[in-house]
Amino acid sequence: MNKMIYKIIKNIQFISLGILNKIFLKDENKIFIEDIASIRDNHYIMFKYMIDNTYNNRYKIIYFTNQTNPITKNNYENVSFCSSTLLGIYHKITSKYVFYAYGANRFDCYTSSKQIVFNLWHGSPFKRIGYMKNKPIYKEEKAYTHLLVASEFFNEYMKEAFRCTDKQIFIGGNPRNDLLFGSKKILEKLSVDRNRFNKVICFLPTFRNAPTLNINTFDSEFPLLNEDNINDLNNMLKVNDTLLIVKLHHAQVNIKIMKKQYSNIIFFTNKDLENRQVELYELLAESDALLTDYSSVYFDYLLLQRPIGFVIEDIQEYIDKRGFIMENPLDLMPGEKIYNYDDLIKFIQSTIRGEDSYEQERKQINDLVNKYQDNNNCRRILDNIGITI
């Protein structure tokens with residue numbers, strides 16, 4: 001479809017639904033949650049919290065998703081799973097409370113004064129997003145009343161990226177962060193015997209090239225690991241009874257190394273976790289250290305006060321092609337900087353030995369980027385907007 005025609009259609013939809021949204025009465029005890037392409041992240045964790053704490057005894061909860069998942073087959077009282085766009089529109093414009101996150105914009109429209117629309121987003125910004133990159137098709141900042149921001153540090157960045165106002169900003173932690181403080185034996189659900197390993201390290205790289213997002217400008221498909229070094233890495237991990245779990249980004253293209261089996265390296269996709277009913281942050285809670293690159297997951301992982309290694313071999317290329325919210329991103333990265341394979345091995349070995357040179361620096365950055373450092377984020381948000389049991 002021609003981009004101009006698509007833009008016109010989306011703007012007509014945005015305005016038309018906005019008119020309907022202002023006309024229709026709102027059910028004071030109805031909550032609408034819009035999902036993205038798979039059932040996970042902040043909006044789903046918020047839904048799960050409400051179910052686990054019996055909010056559905058008082059409120060009718062509508063969960064919109066076009067995906068199948070074991071959770072959608074459950075029969076909860078006062079909970080409906082919806083996949084019809086027309087029904088989704090109806091539930092969106094008749095609900096007092098609406099939650100959505102990154103990518104969930106099927107029903108975007110002008111807000112109503114009778115409605116609370118909470119954009120839970122996708123985490124604290126590190127890479128350039130929103131208006132920092134491109135002008136949106138329509139005025140997305142008019143589609144919500146609240147935007148979740150983890151601390152005052154991010155206020156100006158979020159206002160630049162979203163064109164939102166101070167009134168729309170809600171300072172609070174990500175709902176998914178509540179899972180970091182859990183104590184469940186998650187690795188067992190992934191058929192991993194934790195007793196076999198002295199250390200478990202999670203590697204969460206962001207994508208470079210993603211055909212589904214029309215991004216194909218980076219020289220490499222995956223950071224550091226390749227067919228020439230992955231077997232040596234696996235042997236080193238095996239000798240040291242250490243497991244490396246690589247959780248691939250959903251936009252990551254297939255790479256050859258992930259198609260092979262290794263004794264001490266496991267590749268997981270979002271679908272793998274969904275099929276086992278495991279949340280990513282539950283998995284992170286059981287790890288001893290994190291490897292990442294430019295993913296903002298590390299802002300959340302700081303809450304655990306565990307070592308972080310930053311794989312940044314292509315940081316200049318990333319600055320030139322994608323960009324960060326600040327001039328010097330290294331100032332906000334409290335951990336070992338890994339530029340090559342040898343650096344990677346050194347970080348893993350120091351983690352195995354229990355060495356940690358960045359504890360104080362992590363604490364300083366954590367205090368800067370996470371105002372709340374507990375497991376009460378879901379409750380805090382619900383209480384603030386008047387959803388109580």
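Starting from 1, each residue takes its place in the sequence as its number.
Nearest heavy atoms, Thr206 versus Asp293: N-OD1, 3.1 Å. Looking at every heavy atom in both residues, Tyr157 comes nearest to Ile325 through CE2-O, 3.3 Å. Nearest approach of Ser263 to Lys238, heavy atoms of both residues: OG-CD, 3.8 Å. For Ser124 against Ser296, the heavy-atom pair with the smallest separation is O-CB, 2.9 Å.
Within the 4.5 Å cutoff, the side chain of Leu303 has heavy atoms near those of the Asn177 side chain. Side-chain contact between Lys10 and Lys7 is absent, with no heavy-atom pair separated by less than 4.5 Å. With a 4.5 Å cut-off on side-chain heavy atoms, Asn375 and Leu179 do not count as touching. Within the 4.5 Å cutoff, side-chain heavy atoms of Phe154 are placed close to those of Pro125.
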Working for ring pair (Phe, Tyr, Trp, His ring centres under 6.0 Å), residues Tyr131 and Phe162: CA-CA 6 Å; Tyr131 281 97; Phe162 288 89; 8.4 Å; no
Tyr281 and Arg176: CA distance, side-chain angles, deciding distance, side-chain hydrogen bond (donor to acceptor under 3.5 Å, both in side chains) verdict: CA-CA 7 Å; Tyr281 278 49; Arg176 66 188 182 212; 3.0 Å; yes
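For Tyr358, the OH atom sits in a packed shell: over 12 heavy atoms of surrounding residues, nucleotides or ligands are nearer than 6.0 Å. With a 6.0 Å radius and a threshold of 12 heavy atoms from other residues, nucleotides or ligands, Glu355 has its CD atom above the threshold.
The distance from atom CG of Asn376 to atom CG of Asp374, rounded to the nearest 0.5 Å, is 4.0 Å. Rounding to the nearest 0.5 Å gives a distance of 4.0 Å between CG of Asn21 and SG of Cys109. Separating the CZ atom in Arg276 from the NZ atom in Lys189 is a distance of 10.5 Å, to the nearest 0.5 Å. A distance of 14.0 Å separates OH in Tyr298 from CG in Leu204, rounded to the nearest 0.5 Å. Rounded to the nearest 0.5 Å, atoms NZ (Lys127) and CZ (Arg322) are 5.5 Å apart. Here the CG-CG distance, from Asn264 to Asp241, works out to 7.5 Å after rounding to the nearest 0.5 Å.
A tilted orientation is assigned to the rings of Tyr318 and Tyr294, their planes being inclined by 30° to 60°. Taking the six-membered ring where the residue is Trp, Phe24 and Tyr90 present perpendicular rings, their angle passing 60° and hence far from 30°. Between Phe32 and His91, the ring planes are parallel. Angles under 30° get that label, and only those over 60° would be called perpendicular.
Salt-bridge check for Arg362 with Glu359: failed, with every basic side-chain N at 4.0 Å or more from each acidic carboxylate O. Salt bridge status for Glu34 with Lys92: absent, with no side-chain N to carboxylate O gap under 4.0 Å. Salt bridge present: Lys48 and Asp52 bring a charged side-chain N and a carboxylate O closer than 4.0 Å. A salt bridge does not link Glu286 with Lys185: none of the charged nitrogens is closer than 4.0 Å to a carboxylate oxygen. Salt bridge Asp342/Lys346: absent, no basic N to carboxylate O contact under 4.0 Å. Salt bridge Lys139/Glu141: absent, no basic N to carboxylate O contact under 4.0 Å. A salt bridge does not link Lys247 with Asp272: none of the charged nitrogens is closer than 4.0 Å to a carboxylate oxygen.
Side-chain polar atoms of Lys159 and Thr165 form no donor-acceptor pair below 3.5 angstrom. Judged by distance alone, the side chains of Asp108 and Tyr138 do bring a donor and an acceptor atom under 3.5 Å apart. Residues Gln168 and Asn119 bring no donor and acceptor atom of their side chains to less than 3.5 Å of each other. Side chain to side chain, His122 and Asp41 meet the donor-acceptor criterion of an N or O pair below 3.5 Å. Checking Asn366 against Gln373 by side-chain atom types alone, a donor-acceptor pair falls below 3.5 Å. Thr292 and Tyr301 are not linked by any side-chain donor-acceptor pair at a separation below 3.5 angstrom, with hydrogens and angles left out of the test. Side-chain N/O atoms of Asp320 and Gln316 include a donor and acceptor closer than 3.5 Å.
Less than 6.0 angstrom separates the ring centroid of Phe107 from the ring centroid of Phe64. Taking the six-membered ring where the residue is Trp, the centroids of Phe118 and Tyr144 are separated by 6.0 Å or more. Separation of the Phe126 and Phe299 ring centroids falls under the 6.0 Å cut-off.
Taking the centre and axis of the six-membered ring of Tyr372, the NZ or CZ atom of Arg380 falls inside the cone set by 45° and 6.0 Å.
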List the atom pairs, donor and acceptor, that lie under 3.5 Å between side-chain atoms in residues 381-389 and the rest of the protein, sequence neighbours left out.
from, atom 1, to, atom 2, distance (Å)
Asp383, OD1, Arg379, NE, 3.1
Asp383, OD2, Arg379, NE, 3.1
Thr388, OG1, Arg58, NH1, 3.1

Output a table of donor-acceptor pairs, distance under 3.5 Å, between side-chain atoms of residues 329-338 and any protein atom two or more places apart or on a different chain; print 'none' if there are none.
from, atom 1, to, atom 2, distance (Å)
Asp331, OD1, Asn328, ND2, 3.2
Lys337, NZ, Met333, O, 2.8
Lys337, NZ, Gly335, O, 2.7

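Residues Ile12 and Met4 share a single hydrophobic cluster, defined by chaining ILVMFWY side chains whose heavy atoms lie under 4.5 Å apart.
Legend: residues meeting side-chain contact (heavy atoms from CB on, under 4.5 Å) with Asp288, ordered by chain and number and at least two apart, are Arg194, Lys199, Val200. Annotation: side-chain hydrogen bond (donor to acceptor under 3.5 Å, both in side chains) contacts of Glu152 (sequence neighbours excluded): Lys371. Residues satisfying the side-chain contact (heavy atoms from CB on, under 4.5 Å) test with Asp193, not counting sequence neighbours, are Asn195, Arg196.
For residues 255-274, no pair satisfies ring pair (Phe, Tyr, Trp, His ring centres under 6.0 Å), with sequence neighbours left out.
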